[in-house]
Protein chains: 2
Amino acid sequence: MLIYKTITRLIQYRLCLIHYTELGIEQIFSYTLAKETGVSPEQVRKDFSQFGIRGNKKAGYNVLQLIEQINAILSKNTVQKIILVGMGNIGKALIHYKGFENRNMQIVAAFDIDPAKQGRKYRIPVYPLQKLPQIVRREDISNAIIAVPESTAQQVCDLLTENGIRGILNFAPVILKTSDRIMIKNISLCGELEALSYFTQRTTV
Amino acid sequence: MLIYKTITRLIQYRLCLIHYTELGIEQIFSYTLAKETGVSPEQVRKDFSQFGIRGNKKAGYNVLQLIEQINAILSKNTVQKIILVGMGNIGKALIHYKGFENRNMQIVAAFDIDPAKQGRKYRIPVYPLQKLPQIVRREDISNAIIAVPESTAQQVCDLLTENGIRGILNFAPVILKTSDRIMIKNISLCGELEALSYFTQRTTV
DNA sequence: TATAATATGTTACAAAGATCACAAAAATAA
DNA sequence: TTATTTTTGTGATCTTTGTAACATATTATA
Ligand SMILES: NC(=O)c1ccc[n+]([C@@H]2O[C@H](COP(=O)([O-])OP(=O)(O)OC[C@H]3O[C@@H](n4cnc5c(N)ncnc54)[C@H](O)[C@@H]3O)[C@@H](O)[C@H]2O)c1
Ligand SMILES: NC(=O)c1ccc[n+]([C@@H]2O[C@H](COP(=O)([O-])OP(=O)(O)OC[C@H]3O[C@@H](n4cnc5c(N)ncnc54)[C@H](O)[C@@H]3O)[C@@H](O)[C@H]2O)c1
């Protein structure tokens, strides 16, 4: 994906900028944002430049204006609705999380095969899988989170894509096989920890 | 990090290979593994080659032997101990997770400032932060997970690094500032979802 | 008005990573 | 034994991403 990393950084910048508004900061420089987000000032300017965001020489960028411009790029003017499949450990952690709102996202429905999990016990209604096609269509959902066991992840993925889902955040430790028009992002917590281990181990040698 | 991606892939390969042993498969080819992990066969061979793992022309690689070789590279012969700071939504999801064992990892202790969370209510003992230095030293821990709110993440990070932690998996949506000898891996769930949204939005236009 | 200082924006350069192409080896078939 | 097929291993190439350099614009100051 060509500009995936750039978009990821824009999202980071946006988060910082929102902090700045809370602190009453109105104007910033590329190196301010760079330091805060751990990239180089040139990178910040280049990212902005790529999307036609221009700053002022000697005066940097206006925070509010910058947020507006990034919002426009990221289509952050409407709330982005997401569904969740699998109400286990991870699923529950996600639906209890308050941080989505600030970022204009909302988990609008969850699904689980286990009848004990279904109903309105949680902040968000939990439906049986049979309801999925209907809700995806009604709410016009494009993105979903897979938080089911490895053994059922592929079939959940198939169900989602058959019903028009185009983006999936996958927690199951399997590589999902699907059309390349579908975008899949794997969250591999164990993998990340194993990689960390490798490098922290090495440094002692 | 020079070989970070290679290591990440080795970890993926290992996971697949373990599946193969469970299915009774003894011998595999680079393209088998490639298909399963979503990379190219050349990449697989190159990754192995980089660590001196050689296959057999026309006969591919022996599964068990390959696992052994990858284990040796990843130091997977001993259980890797990890600590967790923050017993909220994410923290609880992690300690209830059974999947760490299969990957030779173990969360050996958790920490929280909230006395209500402390004690032996969970699978893993939860201590006050004051106990952290002692336990890190006693158990010889190198890696930690930060699952505390954004507002306290930096101070937890400082505490960890002061006590010899060298690798951190961070769930808080902030860029932690620390020495560059410390390896930090950020898990940005909201960020990933926002990026997904961006691309799935675009495709409709 | 001229000069200095400070940030931006862009072009050129470098590094990392992945892909491609193909030679070499091993097994099988003729 | 020779030819054919299959699969590995790696040098060359392409792509992507990030870094560095520098010219340009703006503001402040003398
Ligand atoms: N919990 C963690 O810390 C953690 C860490 C790393 C990876 N993961 C991965 O994340 C995924 C979820 O983990 P978890 O701990 O939440 O699992 P879990 O077992 O606690 O929950 C899985 C949930 O999915 C539901 N489910 C099963 N099949 C389903 C289907 N076909 N359709 C809908 N719902 C279905 C189950 O009823 C259950 O509620 C797993 O693949 C796991 O390997 C979890
Ligand atoms: N839950 C999610 O789905 C989710 C999604 C994205 C990001 N995150 C991020 O992950 C982090 C954890 O999220 P959560 O939902 O589990 O939060 P939470 O509020 O449920 O839990 C935080 C826990 O940390 C403890 N804590 C606070 N300060 C501490 C300190 N200084 N030392 C030790 N413990 C301390 C609290 O007592 C609490 O138990 C947050 O930074 C959050 O932004 C969470």
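Treat the numbers as computed from the prediction; the structure is a model and nothing was measured. Chain letters run A, B, ... following the sequence lines, proteins first and then strands; every chain starts at 1.
Computed from coordinates, the A:K46 NZ to C:dT11 C1' distance equals 8 Å when rounded to whole Å. We find that CD of A:E42 is positioned 11 Å from C1' of C:dT8, with the value rounded to whole Å. Distance A:Q43 CD to D:dA21 P: 16 Å, rounded to the nearest Å. Atom CD1 of B:I7 and atom C1' of C:dG17 are 15 Å apart (whole Å). The nearest whole Å value for the distance from the CG atom in B:N62 to the C1' atom in D:dT8 is 16 Å. In this entry the distance linking CZ of B:F48 with C1' of D:dT10 reads 16 Å, nearest Å. Rounded to a whole Å, the CG atom of A:D47 is 13 Å from the P atom of C:dT8. Put simply, CD on B:Q27 is 14 Å from C1' on D:dT6, counting in whole angstrom units.
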Might you list the N or O atoms of the protein lying below 3.5 Å from N or O atoms in nucleotides 3-7 of chain C, with each pair's distance?
unit_1, atom_1, unit_2, atom_2, d
C:dA7, OP1, A:Y31, OH, 3.4
C:dA7, O4', A:K58, N, 3.2

Give me, pair by pair, the N or O atoms of the protein and of nucleotides 2-4 of chain D that are less than 3.5 Å apart, along with how far apart they are.
none

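Here the side chains of A:T32 and A:Y61 are not in contact, with every heavy-atom distance at 4.5 Å or above. Using a 4.5 Å heavy-atom cutoff, the side chains of B:I67 and B:Y20 are not in contact. Residues A:Q27 and A:Q65 have side chains not in contact (no heavy-atom distance under 4.5 Å, counting atoms from C-beta outward). You'll find the side chain of B:C157 reaches within 4.5 Å of the side chain of B:Q154, heavy atoms only. You'll find the side chain of A:L160 stays beyond 4.5 Å of the side chain of A:F111, heavy atoms only. At least one side-chain heavy atom of B:Q50 sits less than 4.5 Å from a side-chain heavy atom of B:T6.
Dashed line: the shortest gap from a side-chain N or O of A:R9 to OP1 or OP2 of D:dG18 is under 4.0 Å. In terms of phosphate contacts, A:R54 brings no side-chain nitrogen or oxygen within less than 4.0 Å of OP1 or OP2 of D:dT26. The shortest distance between the side-chain N/O atoms of A:S49 and the OP1/OP2 oxygens of C:dG9 is not below 4.0 Å.
When the nucleotides D:dT17, C:dT19, C:dG9 are ranked by their closest atom to the side chain of B:S40, C:dT19 comes out on top.
Shown here are the salt bridge (charged side-chain N to carboxylate O under 4.0 Å, His left out) partners of B:K46, two or more places apart in sequence or in another chain: there are none. Qualifying salt bridge (charged side-chain N to carboxylate O under 4.0 Å, His left out) partners for A:E139, counting only residues two or more places apart in sequence or in other chains: A:K81.
Of the residues in residues 184-193 of chain B, none lies under 4.0 Å from DNA chain C by heavy-atom distance.
A side chain to side chain donor-acceptor pair (under 3.5 Å) with B:Y13 is found for exactly one of B:D47, B:T37, B:T8, namely B:D47.
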For residues 96-103 of chain A, tabulate all N or O donor-acceptor pairs below 3.5 Å that involve a side-chain atom, not counting sequence neighbours.
unit_1, atom_1, unit_2, atom_2, d
A:H96, ND1, A:K92, O, 2.9
A:R103, NE, B:E194, OE2, 2.7
A:R103, NH2, B:E194, OE2, 3.2

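Between B:N163 and B:R137, the side chains place no donor N or O within less than 3.5 Å of an acceptor N or O (distance only, hydrogens not considered).
Classification of the B:F199-A:Y4 ring pair by plane angle, with boundaries at 30° and 60°, yields parallel.
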